[in-house]
> 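Got a structure for you, questions after.
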2 protein chains.
Amino acid sequence: MSSEVTLKHIAEALGVSAMTVSRALNDRPNVDEQTKKKIVEKARSMGYRPNHVAKSLVSNKTYTIGVVIPEITHAFFPEVVRGIEEVTYGSDYQLFLTNANEQFSREMEAIRALQSQRVDGILISSSQTVEDFSFYEELLNSRTKVVFFDRCVENLGASCVSVNDRSSSTRITEHLITTHNIKKISYLSGPQEVSVGRKRYRGFMEALEKHNIPVNDDWVIEAGFREKSGYNAMNKLLALPPEDRPEAVVTVNDPCAIGAIQAIGEAGFSIPDDFAVVGFTDDVRAELLKVPLTTVHQPAYEVGKRAAQKLIKTIEHEEEPAENIEVLTTLKIRESCGCGEE
Amino acid sequence: MSSEVTLKHIAEALGVSAMTVSRALNDRPNVDEQTKKKIVEKARSMGYRPNHVAKSLVSNKTYTIGVVIPEITHAFFPEVVRGIEEVTYGSDYQLFLTNANEQFSREMEAIRALQSQRVDGILISSSQTVEDFSFYEELLNSRTKVVFFDRCVENLGASCVSVNDRSSSTRITEHLITTHNIKKISYLSGPQEVSVGRKRYRGFMEALEKHNIPVNDDWVIEAGFREKSGYNAMNKLLALPPEDRPEAVVTVNDPCAIGAIQAIGEAGFSIPDDFAVVGFTDDVRAELLKVPLTTVHQPAYEVGKRAAQKLIKTIEHEEEPAENIEVLTTLKIRESCGCGEE
DNA sequence: ATTACATATGTTATCGATAACATTATAATA
DNA sequence: TATTATAATGTTATCGATAACATATGTAAT
């Protein structure tokens, strides 16, 4: 039963026209109260469920939003998604979630599929290796509204919600320099094709410059956003002759830091005595590590919320201007930087 | 440009009919090779993107799957989603993700919305408090195919992919009894309205019965799936007079265990000496805790994969029989049960 | 009583793609 | 050459909901 009830079925059952049924169910004016009541009742009893597909076809609006995230198991992103949902729940929008698994090709496919689904807008955190800018340019020329979050593609004129990556990176690096008087600092960077990769790297460099610390190229290693890459990068540092090794390691994010920490442990060194390590994210695991990780806390939930709000505004108001929104981080000083536990 | 290219536009540009364009782009027979080439080329150059909304309306198929999960920040679920995606990526299906935030009302709303979107099928892990079975019965009578995973609603005739909850729960409880010779065991249970809540509870009871350990009602506390509830439940146990307290705590899942562990720590007790604690999930945090958590490892990724496969089969073959699929867990013996570190 | 106008309802066309049927062109066969 | 397949293309109707227009009532104003 109730398998495919349409407006027409209800109309026939009551001897009225489909249009009247449509009007009644959508609270349009010019429908007799009596008729309306009858229709609403009948619709319920027949188990009518409006067909959004048909609705979308005529209105050219789907009330759906696509979300493209690079890595669903990186705890930061589920938290962002919760923030997004906080906004969409209660609005009329539904979420299409896609996971690019850090591959640009999958990201493109996902976006294309979302466009075919005629989503009204897309929230994108870009994957590791962005190669083809023309792809984004085309996307932004289409009817689909776009807001980037966290990993933004810049200079396209789209809105972007991120955290103050650069200055946060500077700040946590300076903590090592000024509080712990460490000068030999290594950086495990993210890919430079990605905005956060670039920004955090710049922030790190800025801290060195500010304190007149020369850069040692051997200590800047392009790693990646995942544990594995942090692990590998750290092993490269450990392969250096002892006297050429840094005293501290600044990493692009917590998973990378956790990988590095594992490598350090396996090599028989200890944290923070042999190497101070700091991260960026404030992953759920950060405070649970044997030596709790000093890191930058990113308000993921807030980022998601802001991004979703901005996107909905952009969808609903043609003139909504593009903007960059920066949500501020906080420093989480724990023990991996050398601060005592108290 | 390229804002809204339709078949008709291409057809007009080339002086052919829309039908021919449709045939050409869908690789249907009876289209001249020459014509086809021209059409394909033109479609690309005009930036044509097929309108899935229109396609769905005529085919009555959307190639979309809805996913309803109860809590996106519980690490188990993102991992399940990854498994689901592994299957849908490479298939033609797109995922609608919704998060019920452990509220049945939100779950219902999500399902209704998904039905309006005319998804071909829905993967559901049910929220904490299932009240209205008629709702599910109606759902199963509709055209929408359903597969439950992890938290199944039973006896509805729908397929279900879960882990061997009951026997795993028995096994980890027995570990405490036989290996550590503990008899005073408490259970922080999940809500009994949810299948995993029931099953794990039964598994626990079965272990006690098997070893002739009488049940102490004060020690069985209905907690919940979240940290907060584990924390509160543990505090109830700690409020008992010292001689009435258990020696071990079996919990319904890792977040609950982690909450309990926090309460134990705050009360100044130590694990496993004062209280042994075991969990269920194998959360990322489990092995990182100060005293690594003994728990049941759930193959989340596998659960997601199987559920998605089964759903797609159910969508594509009318006669596909419903079945219960159990993916097997493994015991992760760490230190919180009292096992020494080695 | 007649025009004017609001209210309630029905009819037709439309969104974009395609199934089902119709037509034309081309090649193969008798 | 006439006849008949077969390939290539066009036309119309359809999916479900609704916008735009049309019609039928009733009520108020003149």
Side-chain angles (χ1 to χ4, degrees), chain A residues 2-40 42-43 46-64 92 115-120 142-144, chain B residues 2-40 42-43 46-64 92 115-120 142-144:
Chain A
S2 88
S3 150
E4 254 345 327
V5 184
T6 71
L7 284 188
K8 217 169 151 194
H9 295 146
I10 301 174
E12 277 162 12
L14 292 173
V16 296
S17 77
M19 199 61 227
T20 304
V21 178
S22 168
R23 280 191 271 248
L25 295 179
N26 290 295
D27 264 321
R28 298 295 184 77
N30 297 340
V31 181
D32 186 84
E33 271 309 318
Q34 207 65 35
T35 320
K36 183 164 160 180
K37 226 167 117 187
K38 248 181 15 195
I39 292 175
V40 170
K42 197 79 186 173
M46 292 179 76
Y48 173 72
R49 208 118 309 161
N51 186 329
H52 260 74
V53 175
K55 233 174 192 156
S56 300
L57 186 58
V58 35
S59 68
N60 203 20
K61 196 156 188 243
T62 56
Y63 285 99
T64 57
D92 299 323
Q115 283 195 289
S116 273
Q117 299 282 357
R118 292 294 190 272
V119 293
D120 297 327
S142 76
R143 66 188 270 288
T144 317
Chain B
S2 88
S3 147
E4 257 342 329
V5 184
T6 72
L7 286 188
K8 216 168 152 196
H9 295 146
I10 301 174
E12 275 163 14
L14 292 172
V16 297
S17 77
M19 198 61 228
T20 303
V21 178
S22 168
R23 280 191 271 250
L25 295 178
N26 290 296
D27 264 322
R28 298 297 183 76
N30 298 341
V31 181
D32 186 85
E33 270 309 317
Q34 208 65 35
T35 320
K36 183 164 161 180
K37 226 167 116 187
K38 246 179 19 194
I39 291 175
V40 170
K42 197 77 186 176
M46 291 178 77
Y48 174 71
R49 207 123 305 162
N51 186 329
H52 259 74
V53 174
K55 235 175 188 155
S56 300
L57 186 58
V58 36
S59 68
N60 203 20
K61 194 153 194 255
T62 55
Y63 285 99
T64 57
D92 299 322
Q115 284 195 287
S116 273
Q117 298 283 354
R118 291 295 191 272
V119 293
D120 297 326
S142 76
R143 65 188 270 288
T144 317

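In what follows, every chain begins at residue 1, and chains take the letters A, B, ... in the order their sequences are listed. Since the structure is predicted, the reported quantities are computational estimates derived from the model, not experimental observations.
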> How long is the line joining CD of A/E33 and P of C/dA8, in whole Å?
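Rounding to the nearest Å, CD of A/E33 and P of C/dA8 are 9 Å apart.
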> Give a yes or no on whether the backbone of B/H52 and the side-chain of A/S116 come within a donor-acceptor separation of less than 3.5 Å.
no
> What is the separation between atom CG on B/N30 and atom C1' on C/dT23, rounded to the nearest whole Å?
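Distance check: B/N30 CG to C/dT23 C1' gives 14 Å.
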> So what does A/D32 hit on the nucleic acid, given a heavy-atom distance under 4.0 Å: a base, only sugar-phosphate, or nothing?
sugar-phosphate
> If you compare every side-chain N and O of B/S17 against the phosphate oxygens of D/dG10 (OP1, OP2), does one of them come in below 4.0 Å?
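Yes, such a contact exists.
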> Looking at every strand, decide which applies to A/T35 at a 4.0 Å heavy-atom threshold: base, sugar-phosphate, or nothing.
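Here A/T35 touches the backbone only, sparing every base.
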> Look at the side chain of A/D32 and the backbone N and O of A/Q34, then say whether any donor-acceptor pair between them is shorter than 3.5 Å.
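Checked: pair present.
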> As a quick check of understanding, evaluate side-chain hydrogen bond (donor to acceptor under 3.5 Å, both in side chains) for A/S142 and A/Q115, giving each step before the final call.
CA-CA 9 Å; A/S142 76; A/Q115 283 195 289; 3.2 Å; yes
> Side-chain contact, heavy-atom cut-off 4.5 Å: B/N51 with A/R118?
yes
> Report yes or no: does A/H9 contribute a side-chain atom to a donor-acceptor pair with the main-chain N or O of A/Y48 at less than 3.5 Å?
no
> Check for a donor-acceptor pair, side chain of B/T35 on one end and backbone N or O of B/V31 on the other, with a separation under 3.5 Å.
no
> From NZ of B/K38 over to P of D/dA8, roughly how many Å is that when rounded to an integer?
14 Å
> Can you measure A/L14 atom CG to C/dT9 atom C1' for me and round it to whole angstrom units?
14 Å
> Base, backbone or nothing for each nucleotide of nucleotides 12-18 of chain C, written B, S, -, heavy atoms under 4.0 angstrom, 5' to 3'?
---BBSB
